[in-house]
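Side chains included, hydrogens not; waters and symmetry mates left out as well; all remaining heavy atoms used.
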Amino acid sequence: MSGCSHLSQVHDVTPSARGCEECLKIGSPWVHLRLCRECGHVGCCDQSPNRHARSHFERSGHPIIEGYDPPEGWGWCYADEVQVALPDQTSQVGPIPSFI
């Protein structure tokens, strides 16, 4: 797990929602959740119908997400397309509803 040039952008964050922020607003299902480690945005994964975590990266430029639901203990850098080791794991604001 190396090759990421964005590790300085990993912060302790507070999750923005108890599920994918955008999916909750539109009533859409998700598969897994991803947490932005720069601002705390909670979005759905690339296997979800709307891919809101990737959309958040494309809009904001925040590159590093954490596998959030269930807590998966890994990170991913969208910009460098590599898995990254995170310094800690974010606690869930739960319980998180399951949709798919």
Can you find a heavy atom in the side chain of Cys4 that is under 4.5 Å from one in the side chain of Ile64?
-> yes
Would you call Cys23 and His52 a side-chain contact if the rule is heavy atoms closer than 4.5 Å?
-> yes
Specify the closest pair of heavy atoms between Tyr78 and Ala53, including all atoms of both residues, with the distance to one decimal.
-> OH-CB, 3.5 Å
Between Asp69 and Gln92, does a side chain to side chain contact (heavy atoms under 4.5 Å, CB included) hold up when you go through it step by step?
-> CA-CA 8 Å; Asp69 182 50; Gln92 285 188 329; 3.2 Å; yes
Report the distance from atom SG of Cys77 to atom CD of Gln83, rounding to the nearest 0.5 Å.
-> 11.5 Å
Passes side chain to side chain contact (heavy atoms under 4.5 Å, CB included), Ile26 versus Asn50? Steps please.
-> CA-CA 11 Å; Ile26 63 173; Asn50 295 297; 4.1 Å; yes
Pro87 and Val10: which non-hydrogen atoms are nearest, and at how many Å?
-> CD-CG1, 3.8 Å
Would you mind checking if Asp88 and Arg37 are paired as a salt bridge, meaning a charged N to carboxylate O distance below 4.0 Å?
-> yes
Nearest heavy atoms of Cys44 and Trp30, plus distance in Å | CB-CB, 3.5 Å
For His56, the ring-ring contact (aromatic ring centres under 6.0 Å, His included) test, sequence neighbours excluded, returns His41, His62
Taking every heavy atom of Ala85 against every heavy atom of Leu7, the minimum-distance pair comes out as O-CD2, 4.5 Å
Verify, without hydrogens or angle tests, whether Glu66 (side chain) and Thr90 (backbone) share a donor-acceptor contact under 3.5 angstrom.
-> yes
Show the numbers, then the answer: is there a side chain to side chain contact (heavy atoms under 4.5 Å, CB included) between Leu35 and Ile65?
-> CA-CA 5 Å; Leu35 175 71; Ile65 54 96; over 6 Å; no
Would you check if there is a donor-acceptor pair between the side chains of His6 and Asp80 at a distance under 3.5 Å?
-> yes
Basic-acidic side-chain contact under 4.0 Å: Glu58, Arg51 | no
Is the backbone N or O of Gly43 less than 3.5 Å from a side-chain atom of Glu22, with the two atoms forming a donor-acceptor pair by type?
-> no
Closest heavy-atom pair and its distance - Leu24, Ala17 | CD1-CB, 4.3 Å
Note: Cys36 and Val13 closest approach over all heavy atoms is O-CG2, 3.7 Å
Check the pair Tyr68 / Arg34 against side chain to side chain contact (heavy atoms under 4.5 Å, CB included), numbers first and verdict last.
-> CA-CA 5 Å; Tyr68 186 58; Arg34 305 294 182 239; 5.8 Å; no
